[in-house]
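Each residue takes its place number in the sequence, starting with 1.
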Amino acid sequence: MAERSERFALLSRYSKHYVEKYNIKPEMNLHKEQNTAGNLVDSFTLPVCYDILEYYFKVAESPSWNYFAYNAEKILHGKLDAEQDIIDRKQRREKAKEWLSE
C-alpha cells in the first residue's frame, strides 16, 4: 500500500501542473482522492506516475484528475508509443540517408 506521503505527493504534483496551466487551484477533495492516488502509486510507482502526469499535461487539451486517474494506463501506453515512434523515425531517416548516399 502506498504511503500517505506518496499519495499526497502525487496529488500535489497534479495541483502544481494544474496551477501552471490554468493559474487557479483545482477544486478537488484531497482526502477523498488520496485513495485513487494510492491506487495509482501502487500500480505504477510514484516516479512513473510523475512521468505519466507530466506527459498528460503536455498533450491533454483540458486535463482533469478523474480522466488521469481512470486512464493512466492508456496515457502511459500513448507515451510509450510516442517515444517508440520517435526512435523508429530516427532509424528510418538514418537508413534513408545511407540509401541516398549510395
Side-chain angles (χ1 to χ4, degrees):
M1 179 131 197
E3 295 288 322
R4 185 170 193 250
S5 60
E6 291 176 327
R7 294 182 291 206
F8 280 104
L10 181 58
L11 291 168
S12 176
R13 181 71 60 103
Y14 172 83
S15 186
K16 175 188 155 205
H17 284 295
Y18 193 90
V19 168
E20 286 175 1
K21 186 164 183 116
Y22 296 112
N23 293 324
I24 58 171
K25 284 191 164 192
E27 292 184 23
M28 59 192 291
N29 183 340
L30 295 178
H31 297 287
K32 178 183 169 194
E33 298 301 336
Q34 73 173 325
N35 292 329
T36 306
N39 291 337
L40 287 168
V41 171
D42 287 340
S43 297
F44 300 108
T45 73
L46 189 60
V48 174
C49 287
Y50 285 164
D51 289 341
I52 299 169
L53 188 61
E54 190 172 321
Y55 176 75
Y56 176 58
F57 269 89
K58 285 181 184 176
V59 300
E61 193 171 308
S62 57
S64 73
W65 173 256
N66 284 333
Y67 186 87
F68 172 74
Y70 294 106
N71 294 293
E73 188 171 358
K74 290 180 185 177
I75 297 166
L76 177 60
H77 287 300
K79 179 182 184 293
L80 296 175
D81 289 346
E83 290 171 353
Q84 186 61 44
D85 184 54
I86 291 169
I87 293 168
D88 292 345
R89 287 174 186 256
K90 182 179 178 183
Q91 290 173 346
R92 288 184 191 126
R93 281 193 302 271
E94 290 171 359
K95 286 181 182 179
K97 282 183 184 179
E98 290 174 13
W99 180 70
L100 289 173
S101 66
E102 290 178 358

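- Counting heavy-atom neighbours within 6.0 Å of Tyr22 OH, excluding the residue itself, gives a total above 12.
- Under the rule for a side chain to side chain contact (heavy atoms under 4.5 Å, CB included), the partners of Thr45 that lie at least two apart in sequence or sit in another chain are Pro47, Val48.
- Counting heavy atoms from C-beta on, the side chains of Pro63 and Phe68 never come closer than 4.5 Å.
- The aromatic rings of Phe57 and Tyr18 stand perpendicular to each other, their planes meeting at an angle above 60°, with 30° marking the opposite boundary.
- Heavy-atom minimum distance, Thr36 versus Ala69: CG2-CB, 3.3 Å.
- At least one donor-acceptor pair under 3.5 Å links the side chain of Ser43 to the backbone N or O of Asn39.
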Evaluate side chain to side chain contact (heavy atoms under 4.5 Å, CB included) for Val41 paired with Glu3, printing each intermediate quantity in order.
CA-CA 9 Å; Val41 171; Glu3 295 288 322; over 6 Å; no
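- The distance from the OG atom of Ser15 to the CG atom of Leu30 is 7.0 Å, given to the nearest 0.5 Å.
- Heavy atoms only, all atoms of each residue included: Ile52 and Ala72 are closest at CG2-O, 3.9 Å.
- Listed by first and then second residue, the salt bridge (Lys or Arg N to Asp or Glu O under 4.0 Å) pairs that reach into residues 41-66 are Glu54-Lys58, sequence neighbours excluded.
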Stepwise side chain to side chain contact (heavy atoms under 4.5 Å, CB included) check, Ile75 with Tyr67:
CA-CA 10 Å; Ile75 297 166; Tyr67 186 87; 4.3 Å; yes
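- Counting only heavy atoms from C-beta outward, the side chains of Leu10 and Tyr50 approach each other to under 4.5 Å.
- Tyr56 contributes a side-chain N or O that, together with a main-chain N or O of Ser64, makes up a donor-acceptor pair within less than 3.5 Å.
- Between Ile24 and Val19, the closest side-chain pair of non-hydrogen atoms is not below 4.5 Å.
- Interatomic distance, CG of Leu53 versus CZ of Phe44, reported as 12.5 Å (0.5 Å rounding).
- Legend: side-chain hydrogen bond (donor to acceptor under 3.5 Å, both in side chains) pairs involving residues 78-95, not counting sequence neighbours, sorted by first then second residue: Lys79-Glu83, Gln84-Asp88, Asp85-Arg89.
- Here Phe8 pairs with His31 under the ring-ring contact (aromatic ring centres under 6.0 Å, His included) rule; sequence neighbours left out.
- The hydrophobic clustering, which links ILVMFWY residues whose side-chain heavy atoms are closer than 4.5 Å, places Tyr14 and Tyr70 apart.
- The salt bridge (Lys or Arg N to Asp or Glu O under 4.0 Å) contacts involving residues 16-39 comprise nothing, where partners must be two or more places apart or lie in separate chains.
- Not counting sequence neighbours, Leu100 has no partner by the side chain to side chain contact (heavy atoms under 4.5 Å, CB included) test.
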